There are 2 protein chains.
Amino acid sequence: MTAPRYDERMPRSNRQRTSRRAVYATLRRKVLTLEFPPGAALSENELAASLGVSRTPVRESLILLSEEGLVQVFPQVGSFVSRVDPAKVADAQFLREAVELASLEDLPGLPAELDPELVDELRRNLEEQRRPGLGLEDFFELDEAFHQTLLRLSGHGSAWATVVSAKGHLDRARRLGLYDTATSSGFAAQHVEILDAVLAGDIPLARTAMRTHLRAVFDDVERIRARSPELFATDSGTVPVRRNIVVWE
Amino acid sequence: MTAPRYDERMPRSNRQRTSRRAVYATLRRKVLTLEFPPGAALSENELAASLGVSRTPVRESLILLSEEGLVQVFPQVGSFVSRVDPAKVADAQFLREAVELASLEDLPGLPAELDPELVDELRRNLEEQRRPGLGLEDFFELDEAFHQTLLRLSGHGSAWATVVSAKGHLDRARRLGLYDTATSSGFAAQHVEILDAVLAGDIPLARTAMRTHLRAVFDDVERIRARSPELFATDSGTVPVRRNIVVWE
DNA sequence: CGACCGATGCTTGTATACCAGTCGTGCCGA
DNA sequence: TCGGCACGACTGGTATACAAGCATCGGTCG
């Protein structure tokens, strides 16, 4: 007959370090940091060669990224980094706001019931955010951790994956413009406001603060768009362009 | 130099009918309808053989399904249909509720501003739902269409993909138990309530009705779980089982 | 009789080969 | 000069081959 395997807990044996995961992480990072700018052609063959792997993990990663909306694949034509589509950015904003605001509703009524470990984590995170001379990348990381931990606090940590997908589009849009530390320090203050409200058990206030915060992030994107409209795709009918075939000599 | 291709609109030339999409749709359907029951082993080779394709599209589909949480892949061990995890079902419920309720908030203040075409579509849909002798599968389809159209009505139709992912887990759980037409006719009535509130411009009422409706769906799942707890995974540490190695003769 | 231990056949992961489709290019003829 | 057509370089989609790990079975040895 059959026999059971793996009784309970295979902590990281599941999340194995596979080539595909590495490639996916690399490609996603390069897309989000604009190292691969919107509209850029992503040849499976080229990527495979430059990453030192075969087409298979590259291809599988591109499929995942296309599901995420960060990449568009045109069969027999090419794969391209998605244009920064304001509609998609707005969708991402809507989704993120819906999830994060709803999670606040599910916080325990009494602040005493909050997981003290997570609360500590949030406090330490906010302290880090206040550290002078903090780099932009560092702030991005802390920001991510803050929002994720907040979700865990309400017991909806698993919804983070959805937020991440949405955040991808937002972050990419934000990086299009200059994004100074002054702005980020403002965000840090908003984070404090949110946590204070949560710890005070004032959920409506927390919601308001969170909404204000997320809208500020979105407005940041809109500001960038107003200043540099050419960076955004105006028509959703994208225009793939076959890359130059450059032959030297 | 380069030359532009595909100026504007490639309506369905993009969503090409590829082997992978067909395989993905088939596998997903079989998982959701429990034709592939929770815990079942899904061998890439077997699936490829039975579907008449190679491992490649099968494998890519399994990767997508695993991202969706419907399948779990254990490297060098096997791929399995995910157990119906109550935690995951609850997560799905949370996500769906968050998105659908938030979308109602963004409905235009005046009912007159609603897209009349979509309103008609909703009305026709509800009429269909009231048709006597409606099969369960048909009702499921109408239900899907109703919720999707409602999202489009508030301009957030693109969030439907997220809801679909969540709905997958919910629907699978619901199918575990008997699900009679009496229940579904109750849901149809709730649909009417929601649409009435929307058309009356009473967004708070619409939200309440929607929340009640979605919770009823979730309670349906909980009811099934109470009656047949053995169908659900009690521990999240899943237990893959290698399929019998059956040798005939 | 029980514990070890290698052979074996499965699994998924990765690499490679081949295919059809989509252009750019340049020859070739009117 | 200009139009047309075929070739070739590229694309992603699919099929196949190979690699590495795990579990079971059956033998052997203590």
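Per chain, numbering begins at 1; letters A, B, ... match sequence-line order. In this text the structure is predicted, and so the values were computed from the model without any measurement.
The pair B/D220-B/R225 does not meet the salt-bridge criterion, since no charged nitrogen lies less than 4.0 angstrom from a carboxylate oxygen. With salt bridges taken as basic N to acidic carboxylate O contacts below 4.0 Å, none links A/D91 and A/K88. Between B/R55 and B/E60 no salt bridge is recorded (no basic side-chain N to carboxylate O distance below 4.0 Å). With respect to the salt-bridge test (charged N to carboxylate O, under 4.0 angstrom), the residues B/E222 and B/R227 do not qualify.
Rounded to whole angstrom, the span from the CZ atom of B/R59 across to the P atom of C/dT11 amounts to 14 Å. As rounded to whole Å, 10 Å separates atom P of C/dT14 from atom CZ of A/R21. Atom-to-atom, CD of A/Q76 to P of C/dG21 comes out at 8 Å; the value is rounded to the nearest Å. Atom CZ of A/R17 and atom C1' of C/dT12 are 18 Å apart (whole Å). Nucleotide D/dT16 holds its P atom 15 Å from the CD atom of B/E44, rounded to whole Å. Look at CG on B/N45: it is 9 Å from C1' on C/dC10, rounded to the nearest Å. Between the CD atom of A/E60 and the P atom of C/dA15 there is a distance of 10 Å, rounded to whole Å. Between the P atom of C/dG21 and the CZ atom of A/F74 lies a distance of 19 Å, rounded to the nearest Å.
Nearest-nucleotide positions on DNA chain D for A/L62 and B/G52 put A/L62 closer to the 5' end.
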Name the pairs: protein N/O against N/O of nucleotides 16-19 of chain C, kept only if under 3.5 Å.
none

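Taking each heavy atom of A/F36 and A/L27 in turn, the nearest pair found is CE1-CD2, 3.8 Å. Of all heavy-atom pairs spanning A/F146 and A/N125, the tightest one is N-ND2, 3.5 Å.
Side-chain nitrogen and oxygen atoms of B/S79 include at least one within less than 4.0 Å of the OP1 or OP2 phosphate oxygen of C/dT12. Between A/S19 and C/dG13 there is no side-chain polar atom (N or O) within less than 4.0 angstrom of OP1 or OP2. The shortest distance between the side-chain N/O atoms of B/T18 and the OP1/OP2 oxygens of D/dT14 is below 4.0 Å.
Remark: A/A40 pairs with A/P37, A/V81 by the side chain to side chain contact (heavy atoms under 4.5 Å, CB included) rule, at least two apart or across chains.
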